[in-house]
**Q** 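Before I ask anything, here is the structure I am working with.
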Amino acid sequence: MRGLALAVDGLDHRAFTRISPPPAGVITRPAAVLMLLGEGADGPDVLLLRRADTLGSHPGQVAFPGGKVDPTDDGPADTALREAFEETGVLRAGVTVVATLPELFVPVSMFVVTPVLAYWHRPAPVVAVDANETAAVARVPLAHLADPANRFRVRHPSGYVGPAFSAPGMLVWGFTAGLLGRLLSLGGWERPWDPDDVRDLEPASRAL
């Protein structure tokens with residue numbers, strides 16, 4: 001974890017996305033997500049959730065715990081930890097914040113997201129706290145995500161092509177998959193995989 005913290009120190013948004021920040025004056029929505037790494041039975045893992053299909057924003061997609069900033073939040077880490085508790089039951093007393101990454105713009109939802117990298121030094125059971133928001137919660141081993149058999153790219157009907165991961169019962173793509181890819185690379189977990197393996201999004205989702 002120390003090596004990962006050193007690797008992300010001083011990086012700007014260009015290390016994580018090709019999307020530039022929005023022009024001045026554009027109204028955006030600030031948010032934060034928790035990239036929570038722990039030590040599980042199968043080695044280092046990361047906490048992910050699948051959003052409820054009924055949500056208005058990114059329904060059914062796999063994501064890091066997190067959400068929009070509330071006026072009473074004390075910075076991005078507070079937002080990420082609060083949302084993680086509300087969505088999965090993660091107790092902030094068992095979490096050590098390691099680094100706050102650069103703000104990243106998500107044009108489709110107009111969110112400006114701050115990823116918060118953290119270490120789960122005292123893990124506790126997690127659940128989908130509210131079925132109206134969260135359909136499933138899982139600790140996914142980084143070794144599973146780094147396995148070339150579980151990495152490919154997906155093609156959205158809009159024409160977007162981006163990274164994806166096959167996790168148990170989950171297809172990870174879009175913003176979350178992009179962050180996971182950089183996490184594996186910066187942390188030294190990445191293994192060679194085939195970026196020319198491009199699959200249509202809907203069939204890839206149904207294949208799980």
Side-chain angles (χ1 to χ4, degrees), residues 1-5 7-8 11 14-19 33-53 58-66 84 87-88 90 98 101 104 106 108 113 115-120 123 125-128 134-208:
M1 197 70 189
R2 184 174 300 168
L4 180 58
V8 302
L11 297 179
R14 291 170 294 185
F16 301 93
T17 180
R18 296 178 181 177
I19 300 173
V33 297
L34 187 67
M35 301 175 69
L36 183 57
L37 303 184
E39 189 69 31
D42 298 311
D45 58 26
V46 62
L47 182 65
L48 298 174
L49 60 82
R50 185 165 63 82
R51 295 167 59 82
D53 293 329
H58 306 292
Q61 290 189 22
V62 177
F64 298 107
E87 294 174 333
T88 71
V90 166
V98 174
L101 304 186
L104 305 175
V106 185
V108 67
V113 181
V116 177
L117 181 64
Y119 176 61
W120 210 357
V126 288
V127 296
T134 308
V137 177
R139 295 179 62 175
V140 181
L142 297 183
H144 178 94
L145 297 171
D147 186 338
N150 299 322
R151 292 195 70 173
F152 47 94
R153 296 198 296 159
V154 291
R155 181 186 295 106
H156 190 273
S158 66
Y160 161 86
V161 176
F165 296 85
S166 173
M170 297 180 174
L171 174 67
V172 190
W173 65 283
F175 177 81
T176 304
L179 276 180
L180 280 175
R182 291 301 293 144
L183 179 73
L184 294 176
S185 175
L186 291 167
W189 294 292
E190 188 171 41
R191 295 167 56 188
W193 61 286
D194 182 11
D196 293 326
D197 179 3
V198 180
R199 310 176 190 181
D200 289 332
L201 178 60
E202 291 303 323
S205 299
R206 291 195 299 269
L208 296 177

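Treat the numbers as computed from the prediction; the structure is a model and nothing was measured.
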**Q** Nearest heavy-atom pair of Arg155 and Val198: which atoms, and what distance?
**A** NH2-CG1, 3.5 Å

**Q** Using side-chain heavy atoms (C-beta onward) and a distance below 4.5 Å, is Leu101 in contact with Leu11?
**A** no

**Q** Is there a side-chain contact between Pro65 and Leu36 in this structure, where contact means two heavy atoms from C-beta onward sitting under 4.5 Å apart?
**A** no

**Q** Where do Met35 and Pro115 come nearest, in terms of heavy atoms and distance?
**A** SD-CB, 3.7 Å

**Q** Check whether any side-chain heavy atom of Ser205 sits under 4.5 Å from a side-chain heavy atom of Leu171, and report yes or no.
**A** yes

**Q** May I have the step-by-step check of side chain to side chain contact (heavy atoms under 4.5 Å, CB included) for Glu87 and Phe64, ending in yes or no?
**A** CA-CA 10 Å; Glu87 294 174 333; Phe64 298 107; over 6 Å; no

**Q** Are the side chains of Tyr160 and Trp173 in touch, meaning some heavy atoms are under 4.5 Å apart?
**A** yes

**Q** Could you walk me through whether Arg151 and Leu184 satisfy the side chain to side chain contact (heavy atoms under 4.5 Å, CB included) test, starting with their C-alpha distance in whole Å, then the side-chain angles of each, then the deciding distance to 0.1 Å, before giving a yes or no?
**A** CA-CA 12 Å; Arg151 292 195 70 173; Leu184 294 176; 4.1 Å; yes

**Q** After noting the C-alpha distance and the side-chain angles of Gln61 and Thr176, does the key distance pass the side chain to side chain contact (heavy atoms under 4.5 Å, CB included) rule?
**A** CA-CA 9 Å; Gln61 290 189 22; Thr176 304; over 6 Å; no

**Q** Is the shortest side-chain heavy-atom distance between Trp189 and Leu145 below 4.5 Å?
**A** no

**Q** Would you say that Leu34 contacts Trp120 through its side chain, given a criterion of any heavy-atom pair below 4.5 Å between the two side chains?
**A** no

**Q** With Val137, which of Val127, Thr88, Leu48, Val90 fulfils side chain to side chain contact (heavy atoms under 4.5 Å, CB included)?
**A** Thr88

**Q** Show your working on side chain to side chain contact (heavy atoms under 4.5 Å, CB included) between Leu183 and Leu117 and close with a plain yes or no.
**A** CA-CA 10 Å; Leu183 179 73; Leu117 181 64; 4.1 Å; yes

**Q** Between Pro163 and Ala177, which heavy-atom pair has the shortest distance, and what is it?
**A** O-CB, 3.2 Å

**Q** Find out whether Leu4 and Leu37 are in side-chain contact, i.e. whether some heavy atom of one side chain is under 4.5 Å from a heavy atom of the other.
**A** yes

**Q** Can you name the closest pair of heavy atoms from Ala136 and Ala128 and give their distance?
**A** N-CB, 4.3 Å

**Q** Report yes if some heavy atom in the side chain of Leu104 is under 4.5 Å from a heavy atom in the side chain of Phe175; otherwise report no.
**A** yes

